[in-house]
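Below is one structure, written out as structure tokens; the observations come after it.
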Amino acid sequence: MARKVDGKVVEAPVVAAAPPPPEFPRAEPGLTAEGLSGLTRSFWAKSGKRNPTDWLSIPQHLMDAADVAGRLFDSYLSEHHRALMASVWGGDQVKARTSLVFLAGVHDVGKASLPFCCQHGPLADFVRAHGVRVPQRRDVPNRGKLPHGLASRFAFVNAIVEGGGDPECAEQWAAIIGVHHGRYPDGTQVGRARRAYKGELGRPQKEPRWEQSRQELIEWMARRSGFPLKSPAPTALPELSIAVASAYASAVVIADWIASNEDYFPLRPQAGRERELTADEQWERAERGWESADMPRPMTVPATAGGSPESYYRHRFGWGSAITPTDAQIAAVRLAEEADPDLMIVEAPPGSGKTELAFAVAERMVRSRGLQGVFIGLPTQATTNAMFERATKWLTNLLGDSPQRLGIHLAHGKNDLNDAFVALLDRDRGYPVQVHDEEEGDSGEDYSSLRASTWMAGRWRATLSPVVIGTIDQVLLTALKSRHVLVRHLGLMGKAVILDEVHAADTYMGTYLKAALTWLGMYGIPVVLLSATLPAERRIELAEAYRRGRCHREVDDRALLDGDIGYPVLTTVPRGGQEVDIHVVGGGGPEARRTILPLAAQSPQD
């Protein structure tokens, strides 16, 4: 097409059409390590800390991680999370599952490298036995330049490009496995590692067998999982948004953690390393490991069966017939059912039942969007403890309508002093996962009950239970670049999020809160914000922060939300985030609205 520029006709550049996505081959889940070369099977992934004569080969650990990833997708991740992963495959969840299994199954191929292999002399002897020279650890002082996660990343890109794939798209997908240890390298670190990979650390003494083994592992896992690694015509993996990449990367991290637990997936004797597990033995190993991990299933919310909001509140919260829901409570339930909003900001007087309102809305959000559960955040440990008691009563009533084993967690630094939470922990029979990183329902069991998991109480895992009641810092930390921050994102990625007393955030907290809301908007996670005294400026900031992530652009809601918009009032962002609606409701009672104003006094006399 031509256009005029300064009076001259200029031909517009022709934009080449992007290559099509690859076709998925049929998976071969029965593949074991038996068909791999002896050298590739000799690389170690785990050394025996409890018993020095045990080990785990790279192929065995990759099979374990891949099999766990499939079970995570099927049984732990929310429908919302699965749909987010599938969005780049035209909504095809089979392809999304295959992609996750493959990524988990190649996350550690970079351990077939000199910097990693040399760290354990006796286990490196298995590689030396095949004629590959492996120096002692002390003789490789620069091994830190090539972490095995980045080695996995570079090997993945090579495999995709060699198979006819687009290199830029391959880099996006490869970054997922490059961060599986929770560290997020900058461009300088990646460039330094890439040079090391192409040089002496990646191919020591020009030895081609290091890269050959890495590629053999990737091709083997592609066949096992059914991932499209090779194509006769040029193809391109779908481009990944930050939200979708985070959805995959966080799930790969959890799959690796579970597969790295020696209680769930025991190491194997070095003496019998020549014998690989059969397909049936691997399936049984994966089933036992998964059952031992005892990961909670998503929360199930019963349908309201067409009952009125009034009857729902009385039934769910045990109210007598003399108690009538407020206008705000009724309006919120109807909005949740009819508009299914992404964001709801509730401004209503203290003591007017905002908590029950939020629980009611959250139930409908979880059910309509296929979410895993609910996160409830408060500003202090004291208010969190009080909310924990109220939430357990609500959930106990819910279990009466929908019997299930529901995981719950109290997320703050002194939860061990909360007797109610500790009592739930005592029911848990699980063990905390211990990640061994080699680099710098019983017949007598009460099925329908709340459970607190020891595993979920571990570091970085505070948001992973289906129901979490915690201090607001658990949400604020999602906006901080820190190790394994994606695991926190995973915990919130499939939940309805309730944040109480949002007016209490100071300037410092407010900055992180706005950033966290942008992340939640990016993931399409529904949020309910509660306040009795919300200044107009804070209302505008919170709504704009969420919509910025949801719409992927800057927004301006000041004209609509500034000033006195009514009270009590529900401000909603309908599903999709493209607009803001205001719903002023009655029933506020005689209590006057209170507004927090900044102190502007210049002297004691003022």
Would you check if [X] and [Y] make a side-chain contact, meaning some heavy-atom pair closer than 4.5 Å?
{"X": "Arg285", "Y": "Gln282", "value": "yes"}
{"X": "Ile525", "Y": "Leu492", "value": "no"}
{"X": "Leu123", "Y": "Gln270", "value": "yes"}
{"X": "Pro115", "Y": "Asn142", "value": "no"}
{"X": "Leu499", "Y": "Phe375", "value": "yes"}
{"X": "Leu103", "Y": "Phe227", "value": "no"}
{"X": "Leu240", "Y": "Ile176", "value": "yes"}
{"X": "Arg214", "Y": "Ser113", "value": "yes"}

Q. Side chain to side chain contact (heavy atoms under 4.5 Å, CB included) between Asn261 and Trp257: does it pass, once the steps are laid out?
A. CA-CA 7 Å; Asn261 183 340; Trp257 282 4; over 6 Å; no
Separation between [atom1] of [X] and [atom2] of [Y], rounded to the nearest 0.5 Å:
{"X": "Lys495", "Y": "Met365", "atom1": "NZ", "atom2": "CE", "result": "15.5 Å"}
{"X": "Met295", "Y": "Leu464", "atom1": "CE", "atom2": "CG", "result": "6.5 Å"}
{"X": "Leu77", "Y": "Gln372", "atom1": "CG", "atom2": "CD", "result": "8.0 Å"}
{"X": "Leu84", "Y": "Ser241", "atom1": "CG", "atom2": "OG", "result": "6.5 Å"}
{"X": "Tyr76", "Y": "Trp290", "atom1": "OH", "atom2": "CH2", "result": "9.0 Å"}
{"X": "Arg97", "Y": "Leu100", "atom1": "CZ", "atom2": "CG", "result": "8.5 Å"}

Q.
Does Leu62 form a side chain to side chain contact (heavy atoms under 4.5 Å, CB included) with Ile58? I'd like the steps, not just the answer.
A. CA-CA 6 Å; Leu62 294 181; Ile58 292 178; 3.7 Å; yes
Q. Is there any salt bridge (charged side-chain N to carboxylate O under 4.0 Å, His left out) pair reaching into residues 155-181, and which pairs are they, with sequence neighbours excluded?
A.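 Checked against salt bridge (charged side-chain N to carboxylate O under 4.0 Å, His left out) - neighbours excluded - the pairs reaching residues 155-181 are Arg153-Glu171, Glu171-Arg194.
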Salt-bridge criterion met for [X] and [Y] (N-O under 4.0 Å):
{"X": "Asp108", "Y": "Lys46", "value": "no"}
{"X": "Asp67", "Y": "Arg224", "value": "yes"}
{"X": "Glu274", "Y": "Arg41", "value": "no"}

Might you point out which heavy atoms bring [X] and [Y] nearest each other, and give the distance in Å?
{"X": "Ala69", "Y": "Ala104", "answer": "CB-CB, 3.6 Å"}
{"X": "Val366", "Y": "Gly373", "answer": "CG2-O, 3.4 Å"}
{"X": "Thr32", "Y": "Ala279", "answer": "CG2-N, 3.5 Å"}
{"X": "Ile258", "Y": "Tyr264", "answer": "O-CD1, 3.9 Å"}
{"X": "Val179", "Y": "Ala249", "answer": "CG2-CB, 4.3 Å"}
{"X": "Arg137", "Y": "Cys118", "answer": "CB-O, 3.4 Å"}

Treating [X] as the side-chain partner and [Y] as the backbone partner, does any N or O pair qualify as donor plus acceptor under 3.5 Å?
{"X": "Arg297", "Y": "Arg405", "result": "no"}
{"X": "Ser37", "Y": "Thr40", "result": "yes"}
{"X": "Trp519", "Y": "Gly549", "result": "no"}
{"X": "Arg209", "Y": "His130", "result": "yes"}
{"X": "Arg275", "Y": "Gly272", "result": "no"}
{"X": "Trp44", "Y": "Cys117", "result": "yes"}
{"X": "Ser152", "Y": "Gly110", "result": "yes"}
{"X": "Glu211", "Y": "Pro208", "result": "no"}
{"X": "Ser75", "Y": "Leu72", "result": "no"}
{"X": "Gln136", "Y": "Arg138", "result": "no"}

What residues, two or more places apart in sequence or in another chain, satisfy ring-ring contact (aromatic ring centres under 6.0 Å, His included) together with [X]?
{"X": "Trp173", "answer": "Trp89, Tyr248"}
{"X": "His80", "answer": "none"}
{"X": "Trp55", "answer": "Phe126"}

Q: Go through His107 and His181 one step at a time and tell me if the ring-ring contact (aromatic ring centres under 6.0 Å, His included) criterion holds.
A: CA-CA 10 Å; His107 78 280; His181 273 294; 7.9 Å; no
Q. Between Glu276 and Gln60, is any side-chain donor less than 3.5 angstrom from a side-chain acceptor?
A.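 On atom types as modelled, these side chains do not qualify, holding no pair under 3.5 Å.
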**Q.** Distance-only side-chain donor-acceptor flag, Thr471 / Asp473, under 3.5 Å
**A.**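 The criterion, which ignores hydrogens and geometry beyond distance, is satisfied for Asp473 and Thr471.
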(Q) With a 6.0 Å cut-off on the ring centroids, do Trp210 and Phe43 count as close? (A)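 Ring centroids of Trp210 and Phe43 are less than 6.0 Å from each other.
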Q. Should Glu207 and Arg133 be marked as a side chain to side chain contact (heavy atoms under 4.5 Å, CB included) after you check the CA-CA gap, both sets of side-chain angles, and the distance that decides it?
A. CA-CA 9 Å; Glu207 171 60 77; Arg133 181 175 177 271; over 6 Å; no
(Q) A quick test of your reading: do over 12 heavy atoms of other residues, nucleotides or ligands sit less than 6.0 Å from CD of Glu239? (A)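 No, the 6.0 Å shell around CD holds no more than 12 heavy atoms from other groups.
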Q.
Taking CD1 in Ile242 as the centre, count heavy atoms belonging to other residues, nucleotides or ligands within less than 6.0 Å. Is the count above 12?
A.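 No.
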Q.
Checking Leu114 against Leu146 for the side chain to side chain contact (heavy atoms under 4.5 Å, CB included) test, could you report, in this order, the C-alpha distance in whole Å, the side-chain angles of both residues, the deciding distance, and whether it holds?
A. CA-CA 9 Å; Leu114 174 62; Leu146 183 59; over 6 Å; no
Q.
So, using side-chain hydrogen bond (donor to acceptor under 3.5 Å, both in side chains) as the criterion, who are the partners of Glu28 when residues are at least two apart?
A.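 Testing Glu28 for side-chain hydrogen bond (donor to acceptor under 3.5 Å, both in side chains), a comparison that skips the adjacent residues, returns Arg223.
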Q. With Asp125, which residues qualify under side-chain hydrogen bond (donor to acceptor under 3.5 Å, both in side chains), at least two apart?
A.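 side-chain hydrogen bond (donor to acceptor under 3.5 Å, both in side chains) check on Asp125 returns Arg128.
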Q.
Applying salt bridge (Lys or Arg N to Asp or Glu O under 4.0 Å) to Glu79 and Arg82, what does each step give before you reach the verdict?
A. CA-CA 5 Å; Glu79 174 63 23; Arg82 293 194 294 264; 2.9 Å; yes
Q) With under 30° as parallel and over 60° as perpendicular, where do the rings of His489 and Tyr523 fit, or are they tilted in between? A)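 Plane angle over 60°, so perpendicular.
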